[in-house]
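First up is the structure itself, then whatever we jot down about it.
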Amino acid sequence: QMVQAAVENDVYIIIDWPSHRAENEITAADTFFTRMAKTYGNIPNVIFEIYNEPVNTTAWSSITSYANTVASHIRQYTENLILVGTPSWSQLTSYGGVSATNVAYVFHFYAGTHYVGTFGSRITAAKNSGNAVFISEWGTTSADGKGSANESNTNDWFTFMESNHLSNCNWSLRQETNPIDNTTEGSAIFSGSAFLTNAEDLNNATYTSSGTIVKNYLSQHKSSW
C-alpha cells in the first residue's frame with residue numbers, strides 16, 4: 001500500500017531493513033530484498049535501504065560482506081539506489097567497499113546531539129573520497145527523540161545539507177507514546193499518536209514545534225520536477 005501511494009503521488013519511498021544486526025540476518029534479508037527488487041525493480045520511486053543502523057558490529061568487513069551479497073541479488077532486477085548503513089548508529093565512521101553500482105552510505109543525525117562542526121567533516125571526507133552519502137534519518141531533538149527541538153542546530157544542518165546537495169529524510173511522522181516510560185516522540189512532525197491513515201485525519205492533524213520547522217524547510221526548498 002505504501003509503495004502504491006508513493007507511485008501515485010510521485011514521491012520516493014525507502015524499503016528498509018530496520019535492524020541493528022543485519023549481518024546476522026542475511027538469509028532473511030536477502031530473501032526479502034530479492035523479492036522486493038523483483039516486485040518493484042521497474043519502479044524508479046523505490047529505494048532499497050538494506051541496513052538501517054549497525055550498532056555493535058565492529059568490523060566494517062562484516063557489513064560490506066552482507067551488503068555485497070544482498071546488493072548483488074537486487075542488481076539482478078534493478079539499478080535503483082541502494083543505501084547501506086554505517087557504524088555506529090549510522091555515524092559514517094566507515095564506508096566504501098560495496099561493489100554494486102549506485103550505492104550510497106548512510107548518515108543519521110539528531111540536531112540536539114550531533115553538531116555540524118563535529119560530524120559534517122565525516123560526510124565531506126566520504127564525498128571527497130568518491131562515496132555518495134544519504135541522510136536517511138534526522139531529527140530536530142536529541143538522539144533519544146525526547147525534549148524540545150533544537151532549532152539553531154537544525155538550521156546549521158539545513159545549511160550544510162543544502163550546500164552539499166544531500167538527500168535526507170526526517171524522523172518521524174507522528175508522535176508515539178513509549179509503553180515503557182510513557183514519553184512521546186519529540187521529533188515527530190504531527191502531535192498525537194493517532195494513525196494518520198486517511199485524508200481527513202491528516203488534514204486535521206496539528207504540527208508539533210519540530211513539525212513546523214520541518215514543514216518550513218521542505219516548503220522553502222521544494223523544486224519543480
Side-chain angles (χ1 to χ4, degrees), residues 1-109 122-139 161 164-173 223 225:
Q1 290 176 323
M2 293 300 297
V3 173
Q4 184 65 30
V7 172
E8 291 176 358
N9 289 279
D10 290 330
V11 296
Y12 287 107
I13 185 167
I14 297 174
I15 297 179
D16 181 35
W17 191 261
S19 174
H20 298 317
R21 54 183 185 278
E23 71 279 3
N24 297 325
E25 304 159 345
I26 187 167
T27 300
D30 192 34
T31 300
F32 173 77
F33 280 109
T34 300
R35 179 181 175 185
M36 292 300 100
K38 185 176 182 179
T39 304
Y40 300 118
N42 64 332
I43 300 174
N45 307 58
V46 176
I47 296 170
F48 301 97
E49 185 168 23
I50 61 176
Y51 202 154
N52 178 256
E53 278 188 347
V55 174
N56 297 317
T57 306
T58 56
W60 177 240
S61 59
S62 296
I63 298 173
T64 55
S65 176
Y66 159 86
N68 277 321
T69 297
V70 177
S72 67
H73 294 142
I74 292 175
R75 285 291 172 263
Q76 292 179 4
Y77 301 100
T78 181
E79 287 295 321
N80 285 12
L81 179 63
I82 294 173
L83 305 180
V84 180
T86 62
S88 167
W89 304 92
S90 285
Q91 296 292 281
L92 208 65
T93 56
S94 299
Y95 45 81
V98 179
S99 58
T101 55
N102 200 24
V103 169
Y105 297 95
V106 169
F107 178 74
H108 291 172
F109 77 83
R122 298 184 185 182
I123 297 174
T124 302
K127 291 183 64 181
N128 287 344
S129 63
N131 295 286
V133 177
F134 192 116
I135 301 176
S136 64
E137 179 181 327
W138 66 265
M161 291 191 295
N164 286 278
H165 308 290
L166 292 164
S167 297
N168 61 89
C169 301
N170 174 251
W171 178 269
S172 61
L173 182 66
S223 59
W225 289 89

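Quick caveat, the model's predicted, so the values are computed rather than measured.
Residues Ser136 and Val106 share a closest heavy-atom pair of OG-CG1, 3.2 Å. Heavy-atom minimum distance, Ala29 versus Tyr66: CB-OH, 3.4 Å. The minimum heavy-atom distance linking Pro87 with Ile63 is given by the pair CG-CD1, 3.8 Å. Of all non-hydrogen atoms in Met161 and Phe109, the two that sit nearest each other are SD-CE2, 3.9 Å. Nearest heavy-atom pair, Ala126 versus Val133, reported as atom, atom and distance to 0.1 Å: CB-CG2, 3.7 Å. Of all heavy-atom pairs between Asp30 and Thr69, the closest is OD1-O, 3.9 Å.
Side-chain N or O atoms of Asn68 include one that pairs as donor or acceptor with a backbone N or O of Ser99 at under 3.5 Å.
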Might you work through the side-chain hydrogen bond (donor to acceptor under 3.5 Å, both in side chains) test for Glu23 and Ser65, ending with a clear yes or no?
CA-CA 8 Å; Glu23 71 279 3; Ser65 176; over 6 Å; no
Please assess Ser19 against Glu25 for the test side-chain hydrogen bond (donor to acceptor under 3.5 Å, both in side chains), listing each intermediate value before the final yes or no.
CA-CA 9 Å; Ser19 174; Glu25 304 159 345; 2.8 Å; yes
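Ile123 contributes atom CD1, which lies 4.0 Å from atom CD1 of Ile135 (distance to the nearest 0.5 angstrom). Taken to the nearest 0.5 Å, the OG atom of Ser167 stands 8.0 Å off from the OH atom of Tyr12. Atom OG1 in Thr39 sits 8.5 Å away from atom CD1 in Ile15 (nearest 0.5 Å). The distance from the CZ atom of Arg75 to the OG1 atom of Thr34 is 12.0 Å, given to the nearest 0.5 Å. Once rounded to the nearest 0.5 Å, the distance linking CG of Asn24 with OG of Ser62 reads 8.5 Å. For the atom pair His108 NE2 and Leu92 CG, the distance stands at 10.5 Å (nearest 0.5 Å).
By the 4.5 Å heavy-atom criterion applied to side chains, Ser90 and Pro54 are counted as neighbours. Side-chain atoms of Tyr40 and Asn45, non-hydrogen and from C-beta on, never get closer than 4.5 Å to each other. Looking at heavy atoms from C-beta onward, Val46 lies in side-chain contact with Ile13 at the 4.5 angstrom threshold.
Screening Val84, Ile82, Ile47, Val103 for a side chain to side chain contact (heavy atoms under 4.5 Å, CB included) involving Phe134 leaves a single residue, Ile47. Test Phe48, Phe32, Tyr51 against Trp17 for ring-ring contact (aromatic ring centres under 6.0 Å, His included) and you get one pass: Phe32.
Applying the salt bridge (charged side-chain N to carboxylate O under 4.0 Å, His left out) criterion to Arg122, with sequence neighbours excluded, gives no partner residue. For the side chain to side chain donor-acceptor pair (under 3.5 Å) test, residues two or more places apart in sequence or in another chain that qualify with Thr78 are Asn80.
Atom CH2 of Trp171 has 12 or fewer heavy atoms from other residues, nucleotides or ligands within 6.0 Å. Surrounding CG of Asn56 are at most 12 heavy atoms belonging to other residues, nucleotides or ligands under 6.0 Å away.
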